[in-house]
Amino acid sequence: LKKSGAKVDKDYYDAYRKSAAKYAAKLKEGKEKIDYRALGEAAMAVKELGGDPKNVDGVNLIDYLNDQEAVKAAGLPAECYAAIALNYCKEDSESLHNYDQDVMDSIEYGKKYEGKMNEAEYNGLALMTLSYYKTMSMVAVAIDGSLNRLKDLQDKDGGFGSCQADATV
């Protein structure tokens, strides 16, 4: 909204900042189970609104995104959300490179995704993750594999079996 110039209530962005701070406090206290999609979106929104995702009322959201053990334990979609947010926030790290490699390996040559998420949705998420590197030849091979897999998954009506998968792809 901010970039679009859309008119919003003058307190809209402050309300979001307060909401992000509340979320960060729950994370810090261990009262919030980490949802890496929500965490990544919070970090990106804080950054977009001119804040620092490394300091949301004293909580470093980037540290949570860089926690490889926890992120990897949550599965490949979590790695995608963490990588997208780290890239968006311009936070280069070993974690980011490892997540990207895992995602690339998971879609290379049109491999079938075996996780809990709809396969087409995961491929769309993987494409978003790797879009930061689309000009690199090894990434282009993985992207081609994912696109070929998506062709196989596409329904006759052009969809992918769910609204969420359709929107993600």
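Note that the CD1 atom of I62 and the CG atom of L39 stand 8.0 Å from one another [nearest 0.5 Å]. Taking OH of Y88 as the reference point, atom CD of E41 lies at 12.0 Å (rounded to 0.5 Å). Rounding to the nearest 0.5 angstrom, the gap separating the NZ atom in K151 from the CD atom in Q154 is 10.0 Å.
The two residues T168 and L125 have their closest heavy-atom pair at CG2-N, 3.6 Å. L86 and S93 make their closest contact through CD1-OG, 4.2 Å (heavy atoms, listed as atom of the first residue, atom of the second, distance). Of all non-hydrogen atoms in C89 and A43, the two that sit nearest each other are SG-O, 3.6 Å. In terms of heavy atoms, A140 sits closest to K134 at CB-O, 4.1 Å. The shortest non-hydrogen separation linking P53 to V46 is N-CG1, 3.8 Å. Contact record, N118 with A165: OD1-CB, 3.6 Å, taken as the closest heavy-atom pair.
In this structure a side-chain-to-backbone donor-acceptor pair under 3.5 Å is missing from D155 to D157. Between the side chain of R17 and the main chain of G51, no donor-acceptor pair closer than 3.5 Å is present. At distances below 3.5 Å, not a single donor-acceptor pair connects side-chain atoms of S146 with backbone N or O atoms of I143.
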Worksheet entry | Trace of the side-chain contact (heavy atoms from CB on, under 4.5 Å) decision for L127 with L150 | CA-CA 11 Å; L127 289 172; L150 284 168; 3.7 Å; yes
Practice prompt. Evaluate side-chain hydrogen bond (donor to acceptor under 3.5 Å, both in side chains) for Q68 paired with N98, printing each intermediate quantity in order.
Written response: CA-CA 8 Å; Q68 288 186 62; N98 288 337; 2.8 Å; yes
Practice prompt. Carefully, step by step, assess N87 and Y133 under the rule side-chain hydrogen bond (donor to acceptor under 3.5 Å, both in side chains).
Written response: CA-CA 10 Å; N87 267 312; Y133 315 102; 3.1 Å; yes
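Under the 4.5 Å side-chain criterion, counting only non-hydrogen atoms from C-beta, D92 is in contact with H97. Residues V8 and Y13 are in side-chain contact: their nearest non-hydrogen atoms beyond the backbone lie under 4.5 Å apart. Side-chain contact between I107 and R149: absent, with no pair of heavy atoms (C-beta onward) separated by less than 4.5 Å. Side-chain contact between F160 and N123 is absent, with no heavy-atom pair separated by less than 4.5 Å. L65 is not listed as a side-chain neighbour of S95, based on a closest heavy-atom distance of 4.5 Å or more. For the pair V139/D100, no side-chain contact is recorded, criterion being any heavy-atom separation below 4.5 Å from C-beta on. Between P77 and Y122, the closest side-chain pair of non-hydrogen atoms falls below 4.5 Å. Contact check for Q101 versus E79: no side-chain heavy atoms found under the 4.5 Å cut-off.
Checking I84, L76, D102 one by one against T129, the side-chain contact (heavy atoms from CB on, under 4.5 Å) holds for a single residue, I84.
Applying the side chain to side chain donor-acceptor pair (under 3.5 Å) definition to pairs two or more places apart or across chains, those involving residues 51-64 are K54-E91, N60-D63.
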Which pairs of donor and acceptor atoms, one on a side chain in residues 21-28, lie under 3.5 Å apart (sequence neighbours left out)?
none

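Within 6.0 Å of CD on E69 lie no more than 12 heavy atoms contributed by other residues, nucleotides or ligands.
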